[in-house]
Amino acid sequence: MSAVFYARNVPAPPYAFHVMAKPSGADCNLDCDYCFYLEKAALYRDERRHRMNLDVLESYVANYIASHTDQTEVAFTWQGGEPTLMGLEFYQHAIRMQAVHSAGRKITNSFQTNGLLIDDKWSQFLAEHDFLVGLSLDGPADIHDEYRVTSSGHASHALVLRALESLKKYKVRFNILACVNRRSSQDPLRVYEFFRQLGVEYIQFIPIVERLPDVADAAMGFTLHGPDSDLVLSASHKAEPNLTSWSVGSEDYGTFLNAIFDVWIKRDVGRIYVMNFEWALANYMGEPGAACHHQPTCGRAVVVEHNGDVFSCDHYVYPKFRLGNLTQQSLSTLLQSPEQQKFGQDKLTSLPKQCQQCNMLKGCWGGCPKHRFIETDEGEPGLNYLCKGYYQFFAHTAPYLRAMSGLIAQGRSPSEIVGATLMITRLG
């Protein structure tokens, strides 16, 4: 179907939505132990390489822009797998297609990468077109290289730092995406100080929670075949059945965030932006902007695979959650399908009673449904594995968030909180 079709008579969704494109599918030049997406290559096992061709690219660009009939800005996000495997020419073509189909709208691009292929040529391109880059880096070398190795089994830390320096050299806007796993959760301040010494201003801490594939995937119509199906549990995780050995402990995640928050609130407010803290503040103030896992409902962020297949969410790329293909239907139509509407509402309606009665509900909102696989104290299913950690974090930060929201309400800078932390600590 011609991409031009989508420039006409496309119904607008009743809300803003976002698409994460994976033009190289699950293909990657890293072999991270904890990557949840590498297994998705099994969805397209008949294809040796997963690459979005230029016809699908144009269909995606035209379809996505046309589906934003009521918005003046359209935000493209490129991810993987590893999106740089497509080569620079692919994104040069994407920029040209965006210009052709923009219809006067502002177009923005963000790009998530492991950094291995980022060099000065890439950085020049990213800077020229004002891409926002999310660079995956877990901390100091011993922490980062614990689980993030190349496909040939070599350490990747030095290569990521090389990419970071190239991005800084060309003034590319970037943030750090740091995974919090079993190893890194034990060294929160060393991780934070490492980023601070690098001059990083924007950081997001992502909890790694993965179940064994044969358990997590079977219920969603997907069976994994390969070496990952032989994963074993660490002794420290036997109390939480079916977890991989690198998954972060729930309370360890809360302790990790709180340790960093306590340093950040006394010294770095207004200088370093930790997205986890920004989301918590937004929720405390009742403002939009928090991540989907800390919103009441979801379903407004879908994934486009290399062949144009559209799935409900980045964490739900399984046959059961395939909505259709963007070369055959508009993204607007897929977003408004009964299946996707139900998927988004289920996040709220499936909350167990323990969550509904929790005094931290409006900060947490039950977290990501993908992590709701343990039982409540009363034996009700559907509690988030990270519940204890989330409760620790939101309870600990509440007095500070209250003070910061008060400053903002008065038209003052939230950075003034730095001088008031001692009194807040005393008052609780």
Side-chain angles (χ1 to χ4, degrees), residues 34 36-37 39-40 180-182 185 206-224 228-229 231-255 257 283 290-301 311-323 338-395:
Y34 56 63
F36 69 92
Y37 211 79
E39 66 184 38
K40 301 303 186 284
V180 184
N181 49 58
R182 180 189 174 197
S185 67
I206 304 167
I208 295 298
V209 179
E210 291 299 321
R211 289 185 291 168
L212 296 177
D214 57 341
V215 175
D217 299 333
M220 301 183 192
F222 180 73
T223 302
L224 179 70
D228 283 347
S229 57
L231 295 173
V232 296
L233 290 175
S234 163
S236 64
H237 287 83
K238 286 181 179 177
E240 302 294 348
N242 309 321
L243 275 182
T244 57
S245 61
W246 46 80
S247 292
V248 63
S250 176
E251 291 178 89
D252 286 347
Y253 183 59
T255 300
L257 291 179
N283 270 4
C292 56
H293 49 275
H294 290 318
Q295 289 291 291
T297 60
C298 59
R300 301 182 185 183
F311 293 86
S312 292
C313 168
D314 186 33
H315 289 279
Y316 284 84
V317 179
Y318 300 96
K320 180 179 177 180
F321 297 95
R322 181 183 178 275
L323 300 174
E339 296 81 7
Q340 187 64 3
Q341 293 292 304
K342 183 178 185 302
F343 176 86
Q345 288 299 317
D346 280 351
K347 183 178 188 298
L348 180 63
T349 58
S350 65
L351 281 173
K353 185 178 295 184
Q354 182 173 316
C355 291
Q356 296 174 32
Q357 298 174 347
C358 179
N359 58 359
M360 294 298 156
L361 174 62
K362 292 186 178 179
C364 171
W365 288 111
C368 180
K370 184 70 180 293
H371 298 157
R372 296 181 184 177
F373 54 81
I374 63 173
E375 295 181 347
T376 68
D377 295 339
E378 291 74 30
E380 185 180 1
L383 185 67
N384 197 302
Y385 164 76
L386 292 170
C387 173
K388 289 183 179 179
Y390 282 147
Y391 192 94
Q392 280 181 252
F393 171 66
F394 286 109

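Quick caveat, the model's predicted, so the values are computed rather than measured. Every heavy atom of this structure was used, including side-chain atoms; hydrogens, water molecules and symmetry mates were not.
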Would you say [X] and [Y] make side-chain contact, with heavy atoms under 4.5 Å?
X      : Y      : value
Glu378 : Lys353 : no
Tyr253 : Val209 : no
Val248 : Leu386 : yes
Arg372 : Leu351 : yes
Ser247 : Asn181 : no
Cys355 : Leu383 : yes

Return the minimal non-hydrogen interatomic distance between [X] and [Y], and the atom names on each side.
X      : Y      : answer
Ser250 : Cys387 : OG-N, 3.8 Å
Pro352 : Gly382 : CD-O, 3.5 Å
His294 : Cys364 : ND1-O, 2.9 Å
Gly363 : Phe394 : O-CZ, 3.3 Å
Pro369 : Lys347 : CG-CG, 3.9 Å
Gln356 : Leu361 : O-CD2, 4.0 Å

To the nearest 0.5 Å, what is the distance between [atom1] on [X] and [atom2] on [Y]?
X      : Y      : atom1 : atom2 : result
Asn384 : Cys368 : CG    : SG    : 7.5 Å
Tyr318 : Phe311 : OH    : CZ    : 11.0 Å
Lys370 : Arg211 : NZ    : CZ    : 7.5 Å

Worksheet entry | Main-chain N/O of Gly299 paired to Gln340 side chain as donor or acceptor, under 3.5 Å | yes
Worksheet item: Just by distance, do the side chain of Ser312 and the backbone of Tyr316 share a donor-acceptor pair under 3.5 Å?
Response: no
Practice prompt. Hey, can you tell me if Phe373 and Tyr385 have their rings parallel, tilted or perpendicular (30° and 60° cut-offs)?
Written response: parallel
With sequence neighbours excluded, tell me which residues meet side-chain hydrogen bond (donor to acceptor under 3.5 Å, both in side chains) with [X].
X      : value
Thr297 : none
Asp377 : none
Gln392 : Thr255

Practice prompt. Run the ring-centre check on Phe343 versus Phe321 and record whether the distance is less than 6.0 Å.
Written response: yes
Fill in: Sub-6.0 Å ring centroid separation between His293 and Tyr390
no
Practice prompt. Test Arg182 against Asp252 for side-chain contact (heavy atoms from CB on, under 4.5 Å), laying out the working first.
Written response: CA-CA 8 Å; Arg182 180 189 174 197; Asp252 286 347; over 6 Å; no
